[in-house]
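Side-chain atoms are counted along with the backbone in the values below, which use heavy atoms only and exclude waters and symmetry mates. When a residue number appears, it is its place in the shown sequence, counting from 1. None of these values were measured; they are calculated from a predicted model.
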Amino acid sequence: MGLVMSTPVDEMDGPYKRRWPALAVLCLSLLIIVMANTSLTVAAPDMVKDLGLGSSDLQWVIDGYTVPYAALMLILGAIGDKYSRRGALVLGLFVFGAASVAGSLVDSSGAVIAARAVMGVGAAMIMPATLSLLAATFPRAERAKAITIWTATAGLAIAVGPLVAGALLEDHGWASTFLINVPIAALGIVGALLLVPPSKAADVDRTDYIGGLLSVIWVGSLIYMIIEGPHFGWGAKAVTAAVLAGVGLVCFVLWELRHPRPILDVRRFAQRAFAGSTLAVALFFLAVFGAFYYLTQHLQFVLGYSPLDTGVRMLPLAGAVFVGGALTAFLTPKFGMKITVALGMTVGTIAIALLTRVDAGSTYSDFLVPLMILGLAIGLSLSPCTNAIMGSFPEDQLGVGGAVNSTSIEMGGSLGIAILGTVLAKTYSSNLADTAAKVAAGGGPKLPEKALTAAQDSVGAGLYVAKEVGKQVTAGATPKMGAEKAAAYGAQQAQSVVEAVHKAFADSVAHTSMIGAIILGVGTVLVVALLPRDAGKSTTAAPTEAPAAKNDERADERV
């Protein structure tokens, strides 16, 4: 009797008895790949200091992970279906852990970006494998509950990432935020081998590699364009990526329509439940990642919380995700998926809209209720949508189904940061210019043109400029004033700039939230129009029954 779990679920006489511990392994694997992005936003300031990163370098340290992650999921999910879903999970965890070690040891921006890109490759193996293994392991009657826990884990990771990174940065350098992945990945590998049954699709004679390559081209180009254009301008790189994405998408669709066994049957998007669910997932993560992007900045730069304190204050969102997920178990069977998803998206729109009340005098209590409502909305909407997407694929394409769901998440998140991040930056820049002019007109310090331009770059840059203004005012004070009065006067002038920066950013958060609420509100209407009335029924019966649903009770066999 060996330790490695070697009996596939479809060879068991009943549901796999240790499926819930196996789900814990899958959720742990999901946790670290989502945390890899949210934790890095907290570690970014330390990386800038140690590595001398410019704004472009820092952007690609963060987003170098996203491009391969989103681009490769579909083809790697299909390969996992054909050869081994558990093998894809284990290999992905190994690549992710090894790249994390490399990322912690390097000392240049290019090397960190390369390490993050390899981590993205590992994540592209892990993410679809977690969902496909979940669907293959659980009987259909329990699958919705398992997906709810999976979804709640994703919500938890959004909030836990900054918390863990903040705790590590209290006593360690930024490299610790990479190294924390290593023991978790090792635990995931061991847990996968001991607890997760092997799984692969039956009777898959060939894989549509050309379709997979075309998906890599158009998805990767699209994500690159979304990142490059808004942040660095619509130059040759962004325009080329946009053209490549468009041409690649057209070629992908035409190829898939003609291929006898496409990697992704694009005709599925004509099914209203599938199309509506995919759109809902993308829209929700557009709103969530966009809001998370500017809320963490507000908590740190305006309210003055440390990275650890910021992470702690994001936890109510994670708790509310679990509550929302639990409610779907009651609401979806009773009212159907369409009503549950519509309720969740409406609640999410309300949460974002509440943030339009933010101003320079807002405290954490003004953010608490919107955070909890947003978490509740995530739990309500994403679990039934993910269940619907996975239920639309037969057993031999579960990895592809997981890839579609996860690619929707990544595309939505990238669009959220790109769109709402651009709105935030432009609004902040305009607001700061207006506020600085009013401060100068009221007798406060007049910022030199260069200082104002530097302060308009970001809220962090604005606070740095304020500090420098204080130093310059103090140094330039007349000798008659005395050192003590000069220091006080310098501090007063610096505080005037700080208040201007805080006001400009708070007003930008309110404006950006209005745009986010409008996008999610319009998206809610589109999703409701797409989802059929019997969408709830469509999530309970898939075209092909997974093997786990057909089995009777039996103890697992380990060889």
Side-chain angles (χ1 to χ4, degrees), residues 34 37-38 40-42 44 55 58-59 62-63 66 70 155 158-159 161-162 222-234 238 279-302 310 314 317 345 347-359 362 366-367 370-371 373-375 377-378 381-382 408-432 456-460 462 504-524 526-527:
V34 177
N37 254 356
T38 58
L40 196 69
T41 57
V42 175
S55 59
L58 178 60
Q59 191 64 48
I62 295 172
D63 290 323
T66 304
I158 293 173
L222 179 62
I223 297 294
Y224 183 89
M225 178 203 74
I226 291 170
I227 295 167
E228 180 76 17
H231 290 292
F232 307 114
W234 293 97
L279 179 62
V281 169
L283 283 169
F284 236 106
F285 274 88
L286 185 156
V288 170
F289 273 57
F292 186 83
Y293 175 75
Y294 58 76
L295 285 179
T296 51
Q297 291 187 65
H298 192 99
L299 291 175
Q300 291 185 74
F301 292 115
V302 179
T310 299
M314 295 297 289
L317 181 145
M345 294 189 74
V347 169
T349 303
I350 293 171
I352 302 295
L354 286 174
L355 293 171
T356 60
R357 303 180 303 166
V358 170
D359 57 31
S362 296
D366 297 303
F367 292 91
L371 278 174
I373 295 175
L374 186 59
I378 295 171
S381 292
L382 292 185
S408 299
I409 291 173
E410 279 304 301
M411 281 192 175
S414 297
L415 277 170
I417 294 174
I419 294 172
L420 298 184
T422 300
V423 171
L424 180 79
K426 291 186 180 300
T427 307
Y428 166 74
S429 178
S430 176
N431 286 349
L432 184 59
Q456 287 175 302
D457 184 61
S458 68
V459 61
F505 190 78
D507 291 345
S508 303
V509 167
H511 177 73
T512 306
S513 297
M514 180 183 69
I515 302 300
I518 291 172
I519 292 173
L520 190 54
V522 172
T524 301
L526 292 175
V527 169

**Complete:** So CD of Glu410 and CG of Leu415: to nearest 0.5 Å the spacing works out to 11.0 Å
**Candidate list Ile227, Ile223, Ile226, test side-chain contact (heavy atoms from CB on, under 4.5 Å), partner Asp63, passing option** = Ile227
**Item:** Phe285 side chain reached by Met411 side chain, heavy atoms, under 4.5 Å
**Value:** no
**Fill in**
For Ala280, the side chain to side chain contact (heavy atoms under 4.5 Å, CB included) test, sequence neighbours excluded, returns Val341, Met345, Cys385, Val527
**Prompt:** Closest heavy-atom contact between Ile373 and Ala351?
**Reply:** CG2-CB, 3.6 Å
**Prompt:** In Å, rounded to the nearest 0.5 Å, how long is the span from CD1 of Ile409 to CG of Leu286?
**Reply:** 13.0 Å
**Complete:** Residues Ser408 and Val281: closest non-hydrogen pair is CB-CG1, 3.9 Å
**Prompt:** When you look at Val358 and Phe367, which way does the side-chain contact (heavy atoms from CB on, under 4.5 Å) test go after all the steps?
**Reply:** CA-CA 8 Å; Val358 170; Phe367 292 91; 3.8 Å; yes
**Fill in**
Correct closest heavy-atom pair for Val423 and Thr427 would be O-OG1, 2.6 Å
**Prompt:** What closest approach, in Å, do Leu354 and Pro370 show between heavy atoms, and which atom pair accounts for it?
**Reply:** CB-CG, 3.8 Å
**Message:** Using side-chain heavy atoms (C-beta onward) and a distance below 4.5 Å, is Glu228 in contact with Trp234?
**Reply:** no
**Fill in**
Thr296 meets the side chain to side chain donor-acceptor pair (under 3.5 Å) criterion, sequence neighbours left out, with none
**Message:** One pair to check against side-chain contact (heavy atoms from CB on, under 4.5 Å): Val347 and Leu374. What are the steps and the verdict?
**Reply:** CA-CA 7 Å; Val347 169; Leu374 186 59; over 6 Å; no
Review item, side-chain donor-acceptor pairs of residues 510-520, under 3.5 Å, at least two apart:
residue	atom	partner	partner atom	Å
Thr512	OG1	Ser508	O	2.7
Ser513	OG	Tyr294	OH	2.8
Ser513	OG	Val509	O	2.8

**Prompt:** Should Asp507 and Tyr428 count as side-chain neighbours, where that means a heavy-atom distance under 4.5 Å?
**Reply:** no
**Message:** Tell me every residue that passes side chain to side chain contact (heavy atoms under 4.5 Å, CB included) with Gln297, counting only those two or more places apart in sequence or in another chain.
**Reply:** Tyr293, Phe301, Leu424, Val459, Phe505
**Item:** Results of side chain to side chain contact (heavy atoms under 4.5 Å, CB included) for Asp366 - residues two or more places apart only
**Value:** Ser362, Thr363
**Message:** To the nearest 0.5 Å, what is the distance between CZ on Phe289 and OG1 on Thr66?
**Reply:** 8.5 Å
**Request:** State whether the side chain of Ser381 and the backbone N or O of Ile378 hold a donor-acceptor pair below 3.5 Å, judged by distance alone.
**Result:** no
**Prompt:** Taking only residues two or more places apart in sequence, or in another chain, which ones meet Gln456 in a side chain to side chain donor-acceptor pair (under 3.5 Å)?
**Reply:** Ser429
